[in-house]
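Worksheet: the structure to be examined is printed underneath.
In what follows, every chain begins at residue 1, and chains take the letters A, B, ... in the order their sequences are listed.
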2 protein chains.
Amino acid sequence: MTVLILTNDEDVTADMVVVHLNTSGVPVVRLDPADLTYSVALSGEFVHGSFRGHLSSGGRLVSIGGLRSVWLRRPGGPATRAAEPSAWLTEESGQALYGLLRGSGARWMNQPDAAHRARYKPWQLRVAQRCGLPVPATLITTFPRAAREFAERYPDLVVKPVSGVHPQDPPLAVPTSRVPPEADFSSVAHGPTLLQRRIAKRADIRLTAVGDELLAARKATSAEVDPDDVDVRFAESAEPWRPTEVPPRVAESVRSYLTAAGLAYGALDFAEDGDGIWWFLECNQSGQFGFVEVDTGLPIARTIAEWLARPRSEDPVGSGRPDTTAVS
Amino acid sequence: MTVLILTNDEDVTADMVVVHLNTSGVPVVRLDPADLTYSVALSGEFVHGSFRGHLSSGGRLVSIGGLRSVWLRRPGGPATRAAEPSAWLTEESGQALYGLLRGSGARWMNQPDAAHRARYKPWQLRVAQRCGLPVPATLITTFPRAAREFAERYPDLVVKPVSGVHPQDPPLAVPTSRVPPEADFSSVAHGPTLLQRRIAKRADIRLTAVGDELLAARKATSAEVDPDDVDVRFAESAEPWRPTEVPPRVAESVRSYLTAAGLAYGALDFAEDGDGIWWFLECNQSGQFGFVEVDTGLPIARTIAEWLARPRSEDPVGSGRPDTTAVS
């Protein structure tokens, strides 16, 4: 049984996982859907109620029914590197590839519909709260008056994107910023704005969840840091990421979150306040983990490799349920 | 409780439904997400574990928590008619609007994740077969040799798009065509091709499913029709669409299909063969129904209006389950 990794050629983080799979002798096929009809080919025949099919990449053939897991990492757009690319060819190739893979019976990290749904920030906040994770008061609005009233009730606010990452090439991470006092909210009318009560934090937490395994890192807030630098991705800091324990009640809530979201992988960000409370900020279902592993030595790549290598029958979090379950 | 209709301004078919809702005195707000930040505004505040929010359109305010149903019909891209449109603004606006609506508790026709999943043709064929609907042998391939071998086993084939509709503006419906004998399949290597055993049909069936209600129309195949004209959308025909009964076992299978797919609405196409068997061809979750209603007098628009107008508590097919169910 083969592990299929769908990602682009530049994805060096995926290499970290492939090394572990190779070491344990698990067959791996890595391909980029962008190469469809160029160096990647597919075929599936519908017989006896299911598709039987194959993928070939660089001359190597793999049976779709013989896949044990699919890692949907950072794939390119289907057929975008074909000889004559077009929106139509991309649509046809995406429907064919993902349509066939959806019936493979393989376990997904992450299942495409679950991954899509998990990106909605309002959805994340509701699920987090329901699973017992504390969530700061949040407003999403295009009404300047609603923004002003929210700022009166919560004078210490941050502003961040609703959607995450700016879709330019290369994608641009938009930093979370502190809202200055007496801010003018009139520009809110031009685009939805997410305002959130700022957590006075003593540390950032990055919790990487792989199936049931939780690997957490903590970066203490430097005493000398400018309190306006709220986004750990952009603030300079003398403090390193260090491995940290996950409090048992948080662990329970995070596992509930992943089950509710149908995710096998998630990178969760928390702000730890002065009382040690971990406030849920977001869960990125495709969040990077390379920098955490490099800084902390946490065995994230190995844990992912172990999840992908597991036989189908063990059916862990986020794995394939029968594909006739109603979504919600 | 209000019915929210998300569609573009040119959608006259939606007007047919609005007329029925107006007649029965059900409040309706119709808006196009393309008008976000221009004439459409939104606001949602996360308090006590859920978002409380509002939409405004043309100065009219509606509570998101007070929506009884959402008809996701043919909406424009979010904020594409804003003063300064951009991919970023569309992404932010889509995340904000659909993120808030996902938590509304309203019943959806159709729920967005279910609608997305339901478009995959290979997925459709598997689900149809599992629900007891007969499906013709089908091949999706980029291997010319696989296409040739399939054509040897099934000499009478049609070719059709994998994905449905060509994404040009206006979108182009690509006709299903008969494959000539001695066809050269070498071009299959350039793009995924769907080949299907041709059903020698005596009629086309269009079954429009609205919740539990099934409204079927039948168009007999004219004796003088060219057998190469396999696509009823493009072939000239003297035969009209007429209402027809749904065989009880087919009805049972179609209801199973909708339940499995999580759909409240579907337009299913069948080919009726000489033995009266209805062969499943596809289920379009956003298929048009205006032409069927006009030709046959089947009360499709009224049935949709009744579904949308139903109170939340009745919880029919495709309605909102708790939004923490794993997708598959």
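- Note on A/R119 versus A/E282: no salt bridge recorded, every NZ/NE/NH1/NH2 to OD/OE distance being 4.0 Å or above.
- Most heavy-atom pairs under 4.5 Å with chain A: of the set B/V188, B/V135, B/L36, this distinction falls to B/V135.
- Salt-bridge formation is detected for the pair B/E45/A/R153: a Lys NZ or Arg NE/NH1/NH2 atom is positioned less than 4.0 Å from an Asp or Glu carboxylate oxygen.
- At distances below 3.5 Å, at least one donor-acceptor pair connects side-chain atoms of B/N110 with backbone N or O atoms of B/Q285.
- The candidate with the highest count of non-hydrogen atom pairs below 4.5 Å against chain A, out of B/P122, B/A147, B/A128, is B/P122.
- Both the backbone and the side chain of A/Y98 have a heavy atom closer than 4.5 Å to some heavy atom of chain B.
- Residues A/Y154 and A/L139 form no side-chain contact, since every pair of their non-hydrogen atoms from C-beta on lies 4.5 Å or further apart.
- Looking at B/S86, its side chain does come within 3.5 Å of a backbone N or O of B/L89 through a donor-acceptor pair.
- Ring orientation note: the planes of B/W123 and B/Y257 are nearly perpendicular, at an angle over 60° on the 30°/60° scale.
- With a 4.5 Å cut-off on non-hydrogen atoms, A/A79 does not touch chain B at all.
- Heavy atoms of B/A189 lying under 4.5 Å from chain A belong exclusively to its backbone.
- By the 6.0 Å and 45° rule, B/R126 does not stack over the aromatic ring of A/F51.
- Heavy-atom pairs under 4.5 Å with chain A were tallied for B/L42, B/L100, B/T37, B/T142; the largest tally goes to B/L42.
- Using a 4.5 Å cut-off between heavy atoms, A/H116 contacts chain B through its side chain alone, with no backbone atom that close.
- Interface remark: of the candidates A/A146, A/A83, A/A41, A/S43, A/S43 forms the most heavy-atom pairs closer than 4.5 Å to chain B.
- Residue contact with chain B, scored on non-hydrogen atoms closer than 4.5 Å, is absent for A/R197.
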